[in-house]
Number of protein chains: 2
Amino acid sequence: MHFNIFRMRIKKDIISCRTCVYRQLLFGDLNDIEYGLINEGRTEMLFKRGETIKHEGEAIQSFLYLRSGLVKLYKTDKTGKDHILSINKPGDFVSLLSIFSGNTYRYSITAIEDTLVCDVNLEVLKYLVSTNGNLSLRLLNRMSKTSDEIIDNQFELAQKQVKGRVAHLLLFFANQIYRKNSFNLPLTRREIGELISITTENTIRTLSEFRKDGIIDMDGRKLMILDKDRLDIINKGG
Amino acid sequence: MHFNIFRMRIKKDIISCRTCVYRQLLFGDLNDIEYGLINEGRTEMLFKRGETIKHEGEAIQSFLYLRSGLVKLYKTDKTGKDHILSINKPGDFVSLLSIFSGNTYRYSITAIEDTLVCDVNLEVLKYLVSTNGNLSLRLLNRMSKTSDEIIDNQFELAQKQVKGRVAHLLLFFANQIYRKNSFNLPLTRREIGELISITTENTIRTLSEFRKDGIIDMDGRKLMILDKDRLDIINKGG
DNA sequence: TTTTATATATGCTATAAATCATTTAAATTT
DNA sequence: AAATTTAAATGATTTATAGCATATATAAAA
């Protein structure tokens, strides 16, 4: 559970949608009027690592997308334990799975690295969807892929046991997120466990074992993959 | 794994979209031209229990919705084991999670009861989405809810152990699917395991235990819930 | 700086659930 | 109707992993 204090800083209109690198990726081709609508009332918010951007159950008033940083989407169960659904990276539409089905968030969103979020009026998006067919298809595609990723991940994890899951997690960060073999783990050992459904102890134990076996090297959060081939084999269940 | 022979019978235009009970539910208000497009080239297909409607990886050429019956959506892993993602019932848009993200099915679909499926041209749907804003919002809403259901279900299961999962499954059929306490289980013990991620043996053992404890009564596939309160408690982890 | 809390690290133990083995029953197929 | 396959049922055994205990290190707060 996270009871972080909001210390976001609002940076209004530092970059217009017109010059945003994610513009095309997110919305495709929009006309000037449409961009104007998006830009209007738009805010940019900076969150420090550990700060919660949205709490599960909170009313949805805007749609969010990540400009930089990294966040986790997670749900908290009755016993207070968090279950991480996915890690979202720049360009991701972090509220996409919630905004069209209800009026509250179905998961919490917390920054796991310093994160810059764009916050745009939701009614504007809904208006644009209802008048722009290409945007609709684009969003249906994005939502479908977002959902696929979560489902596929669950499917993958269900077939692996502890070592395979940890290997999978390390390869995910190396290949999907950082695109290099050396990086700072953005998650604590506990959070890794919450993401791959194992205990904190087993996460720690397995990482230690990987180090002893010369597969990785670690120094606190700093992690380096030394033998990616073996990690691949372990990931595939070897 | 399922290698069933296709023995579907095609019943063309027995019911028009105009009189279909799911029309409004699925598409909202469409005009005559739009209904005409949907009806054109539409086929209805009947599948017997056990027959596979679509195989994972198969090209998507149409969109499907369930008129009657029950199906399972599932993925097969490298070892040949099936993992059931969800059970779909009449009114469900069984291909929704696949049609907007790629051109092949991301899961297989098999009838677990005799099932009537409507098969409609996909290009027509995409055309309607791109020209009808209400329909777009409606589909975004449906897709979001479909995805939520699968994700929430995984979240629920992750917190339960064997007995809780079996209880959860029985309550799902009683409350969500059949809306009565006595029904024929549409899944084998093995399939139940594939849906709630436990072994066949544990499914059988747990059902036997529930019977011994007077919580349920069974005769093969026929199942009757005798003590729903206890089942609720077990489901909640008691 | 000192205190407090949180994260990392390992060993030991308990246990839930998978695996293996075997039997009976019910469907399919020939 | 006989043969074969698949499903259901239980007992015994193994194993992976959770749970518990405790120590150290690191980070946050007083």
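Note that the structure is predicted; figures quoted are calculated from it, not measured. Each chain gets a letter, A, B and so on, in the order the sequences are listed, and its residues count up from 1.
- OP1 and OP2 of dA7(D) both lie 4.0 Å or more from every side-chain N or O belonging to Arg189(B).
- Of the two residues contacting DNA chain D, namely Val162(A) and Asp219(A), the nearest-nucleotide position lying further toward the 5' end is that of Val162(A).
- The nearest whole Å value for the distance from the CZ atom in Arg211(A) to the P atom in dT8(C) is 12 Å.
- Side-chain N/O atoms of Asn202(A) include none lying less than 4.0 angstrom from OP1 or OP2 on dA16(D).
- Contact annotation: Ser208(A) side-chain N/O to dT8(C) OP1/OP2 distance is not under 4.0 Å.
- Rounded to an integer number of Å, the gap from Arg190(B) CZ to dA18(C) P is 15 Å.
- Between Asp217(B) and Lys222(B), none of the side-chain N atoms (NZ, or NE/NH1/NH2) sits under 4.0 Å from a carboxylate O, so this pair counts as no salt bridge.
- Arg221(B) comes within 4.0 angstrom of the backbone, heavy atoms only, and of no base.
- Between the CD atom of Glu209(B) and the C1' atom of dA9(D) there is a distance of 14 Å, rounded to whole Å.
- Side chain of Gln161(A), nearest nucleotide from dT19(C), dA18(D), dT17(D): dT17(D).
- For the residue pair Asn175(A)/Lys228(A), the side-chain donor-acceptor check at 3.5 Å is satisfied.
- Ion pairing between Arg190(B) and Asp82(B) fails under the 4.0 Å rule for side-chain N and carboxylate O.
- If you measure from atom CG of Leu187(B) to atom C1' of dT6(D), you get 16 Å, rounded to the nearest angstrom.
- Atom CG in Asn184(B) sits about 17 Å away from atom P in dA7(D), given to the nearest Å.
- If you measure from atom CD1 of Ile204(A) to atom P of dT22(D), you get 17 Å, rounded to the nearest angstrom.
- A sub-4.0 Å separation between OP1 or OP2 of dT10(C) and a side-chain N or O of Arg205(A) is absent.
- Comparing dA9(D), dC20(D), dA18(D) against the side chain of Thr199(A) picks out dA18(D) as the nearest.
- Summary of the strand contacts: Lys163(A) and Leu207(B) both lie near DNA chain D, and taking for each the nucleotide with the nearest heavy atom, the more 5' one is attributed to Leu207(B).
- Whole-Å rounding puts the Leu185(A) CG to dT8(C) P distance at 9 Å.
- Taking only side-chain nitrogens and oxygens, Thr188(A) never comes nearer than 4.0 Å to OP1 or OP2 of dA7(C).
- A salt bridge between Asp114(B) and Arg49(B) is absent, with no side-chain N of the basic residue lying under 4.0 Å from a carboxylate O of the acidic one.
- Of the N and O atoms on the side chains of Asn88(B) and Ser86(B), at least one donor lies less than 3.5 Å from an acceptor on the other residue.
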